[in-house]
Protein chains: 2
Amino acid sequence: MTEKKELILETALKLFAEHGFDTTPTSQIAKEAGVSEGLIFRHFTNKEGLMDAILAMSEERMARHVKSIVALAEPLAKIHATIELPVKLFSEEREFWKLQFSLKWQKKYRGQSYRPSGYYLELVEVITDAFRQLGYAQPEKEVLLLVMLIDGLSNQLMQQPSEAFIEQTLSFLKSKYQQNKLKS
Amino acid sequence: MTEKKELILETALKLFAEHGFDTTPTSQIAKEAGVSEGLIFRHFTNKEGLMDAILAMSEERMARHVKSIVALAEPLAKIHATIELPVKLFSEEREFWKLQFSLKWQKKYRGQSYRPSGYYLELVEVITDAFRQLGYAQPEKEVLLLVMLIDGLSNQLMQQPSEAFIEQTLSFLKSKYQQNKLKS
DNA sequence: CAGTTTAGTAAGTGATTACTCACTTTTAGT
DNA sequence: ACTAAAAGTGAGTAATCACTTACTAAACTG
């Protein structure tokens, strides 16, 4: 990976997240990255190839996060870490994940990177088990609920990323998953 | 509203939801609606004007739904109706709401139709009150949680709209909000 | 029914865009 | 140092797209 190739990737990521894939011309990417437009196509063949390269990075990063959650010993700690996942993702690489989430809705990319890929299925399995260990009556459905929750949380974070809001919301959500509570 | 004007709106809605705003050429809209391309601009001035007309419909429909929730007497019924909201929206006008949700992420339209408009703020207020009446300790935060939940539910519905899935998920979610339960 | 506004069309047009191509420069292996 | 491959450039180019214009047909209105 040469310096300029990486610069193209970073710039494209930033611009795609900001203005969207279709509305960001390759000419602008080249200009802001300070390279010739032709170089983009030398390295990535297509505009779509550029997108794919960005998406590939996403798989890696997400896999890393899931791995660290799976590695936790306590079932409750796993659940709390899952709740914290979107916050971690956004604080790390805001633009990156913004792009990821916006892609879900586009037909072109549905089924490609967002659809249940390996790490997602693994996380679901592990969290199901965690709920089971904690004595929840319907662990599969609890996981689904948790997934919906962190999906919705991601939406909220996008619109209101203030520190105070995040902290309050997280601790409230975590308080919903505690030992010694009613498990229906 | 002439017949052809309505046909343009419907076709544009369908295509925007399916392929996105930027990737749907006005020529295709005209072709599939069976009208000349020029007519689109006669009626809506812009491609954006076409989008705005679609968005205006959204306000109306959503306002109607919120109104029917607000009208309910029992606080628990209000909460359950809110949980059912995304399912109702999708069953009614799937393409329409798909488009709405995808728009949230686009900079251009953020703040226009999706941002806390009247009906949203009213719903939040009413549901906060419902939680208060039911004796929840932190009604404001409960509303936020519920908002995140129905956001996440919308995501799920988009990907898995099977009848069985919807029914199971809904009744599970509703079971989380019941009288005579622990209210932390 | 005359006259005026509104609905509708078909054929452009200029700007933009993704991508190519012929070419030069840099890098790396022997 | 020689050379072949890889990195990089910049000026095209064909296609596409949103929008215009000059025009006709239909619908109101007094």
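Letters A, B, ... are given to chains in the order of the sequence lines, protein chains preceding strands, and every chain is numbered from 1. Scope of the values below: all heavy atoms of this structure, side chains included, with no hydrogens, waters or symmetry mates.
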Problem set entry | Close residues, residues 30-42 of chain A, relative to DNA chain C [heavy-atom separation under 4.0 Å] | A:E37, A:F41
Exercise. Separation of B:Q28 atom CD from D:dA15 atom P, in whole Å?
Worked result: 19 Å
Problem set entry | Lys NZ or Arg CZ of B:K47 over B:F21 ring: under 6.0 Å, within 45° | yes
Exercise. Under the side chain to side chain donor-acceptor pair (under 3.5 Å) test, which residues partner B:E122, sequence neighbours left out?
Worked result: none
Seminar exercise, completed: Base-paired stretches in DNA chain C with three or more consecutive Watson-Crick or G-U pairs, both distances under 3.5 Å, amount to C:1-30 with D:1-30
For this session: Determine whether more than 12 heavy atoms belonging to other residues, nucleotides or ligands lie under 6.0 Å from atom CD of A:E74.
Result: no
Exercise. What integer distance in Å separates B:E3:CD from D:dA26:P?
Worked result: 15 Å
Problem set entry | Atom-pair distance (NZ on B:K5; C1' on D:dA27), nearest Å | 16 Å
N/O donor to acceptor pairs below 3.5 angstrom from side-chain atoms of residues 33-44 of chain A, sequence neighbours left out:
residue: A:E37; atom: OE2; partner: A:T26; partner atom: OG1; Å: 2.7

Exercise. With a cut-off of 6.0 Å (strictly less than), are more than 12 heavy atoms of other residues, nucleotides or ligands near CD of B:E140?
Worked result: yes
Problem set entry | Span of DNA chain C in contact with chain B (heavy atoms, under 4.0 Å) | C:dA7 to C:dT9
Exercise. Nearest to the side chain of A:H43 - D:dG8, D:dC17, D:dC19?
Worked result: D:dG8
Seminar exercise, completed: Here the side chain to side chain donor-acceptor pair (under 3.5 Å) pairs for residues 75-84 of chain A, sequence neighbours left out, are A:E84-A:K174
Exercise. Which part of the nucleic acid, if any, lies within reach of B:T45 when heavy atoms closer than 4.0 Å are counted: base, sugar-phosphate only, or nothing?
Worked result: nothing
